[in-house]
Amino acid sequence: MTATNREQTPVVVAGPGAEVRVQELGGGYSVAFGRFDKGVDMTPAFKGLPDDLCPCPHYAYVLKGRIKMHTKDGEQIYSAGDACYWEPGHAPEALEDTEYLDFSPTEEFQAVIDHVKAQLS
């Protein structure tokens with residue numbers, strides 16, 4: 001069995017007002033601890049991916065704040081205390097200072113992380 005916490009998990013994406021920490025847990029899944037300051041819109045970081053959106057699914061829990069997910073079909077807002085499934089084809093925007101936890105397929109998520117890091121460089 002594998003476990004981690006936010007402090008033990010390495011930072012894989014860092015930018016102005018944004019931090020994502022990711023650790024592979026096993027079984028083909030990774031956990032991510034995300035933190036976005038109010039106003040951070042990650043949409044530009046997904047340019048060049050299918051539909052210019054994140055193609056990786058995530059099972060998430062919003063710990064703090066509110067986050068809007070932009071999709072091809074509109075927008076959905078999630079608030080602290082929401083457990084949710086973010087299906088492929090989304091891009092987050094923080095409506096408040098936001099923290100969340102999500103679980104994602106490692107291989108798919110790593111491809112997205114690599115793309116986002118290249119966009120932010």
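Along the sequence shown, the residues carry numbers beginning at 1. Side chains are part of it too, since the values below use all heavy atoms of this structure and drop only hydrogens, waters and symmetry mates.
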Close side-chain approach of [X] and [Y], heavy atoms under 4.5 Å:
| X | Y | result |
| --- | --- | --- |
| Q8 | R6 | no |
| V22 | I113 | yes |
| V13 | L120 | yes |
| K68 | Q76 | no |
| Y78 | M69 | yes |

Determine the minimum heavy-atom distance between [X] and [Y], stating which atoms define it.
| X | Y | result |
| --- | --- | --- |
| A32 | F109 | CB-CE2, 3.7 Å |
| E108 | C56 | CB-SG, 3.8 Å |
| T71 | E75 | OG1-N, 4.5 Å |
| C84 | V62 | SG-CG2, 4.4 Å |
| E24 | T2 | O-CG2, 4.4 Å |
| R66 | T98 | O-OG1, 2.9 Å |

Residues passing the ring pair (Phe, Tyr, Trp, His ring centres under 6.0 Å) test with F103, sequence neighbours excluded, are none
Going from [atom1] on [X] to [atom2] on [Y], what distance comes out if it is rounded to the nearest 0.5 angstrom?
| X | Y | atom1 | atom2 | result |
| --- | --- | --- | --- | --- |
| F33 | D102 | CZ | CG | 10.0 Å |
| T9 | L101 | OG1 | CG | 9.5 Å |
| I77 | D82 | CD1 | CG | 10.5 Å |
| E99 | I67 | CD | CD1 | 11.0 Å |

Sidechain-backbone polar pair: H115 side chain, C54 backbone, donor-acceptor under 3.5 Å:
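Between the backbone of C54 and the side chain of H115 there is no qualifying donor-acceptor contact (under 3.5 Å).
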Side-chain donor-acceptor pairs under 3.5 Å in residues 86-95, sequence neighbours left out?
residue, atom, partner, partner atom, Å
H90, ND1, E87, O, 2.7
H90, NE2, H58, NE2, 3.4
E93, OE1, H70, NE2, 2.6

Connected via hydrophobic side-chain network under 4.5 Å: Y61 and Y100: no
Q: Could you state whether V112 and V20 fall into the same hydrophobic cluster, counting links through intermediate Ile, Leu, Val, Met, Phe, Trp or Tyr residues with side-chain heavy atoms under 4.5 angstrom apart?
A: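 Yes, V112 and V20 fall within the same hydrophobic cluster.
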Self-check item: E96, CD atom: more than 12 neighbouring heavy atoms under 6.0 Å
Solution: yes
*S104 versus S30, side-chain donor and acceptor atoms under 3.5 Å*: no
Give the table of side-chain donor-acceptor pairs shorter than 3.5 Å for residues 34-43, with sequence neighbours excluded, one pair per line with atom names and distance.
residue, atom, partner, partner atom, Å
D41, OD1, T43, N, 3.0
D41, OD1, T43, OG1, 2.6

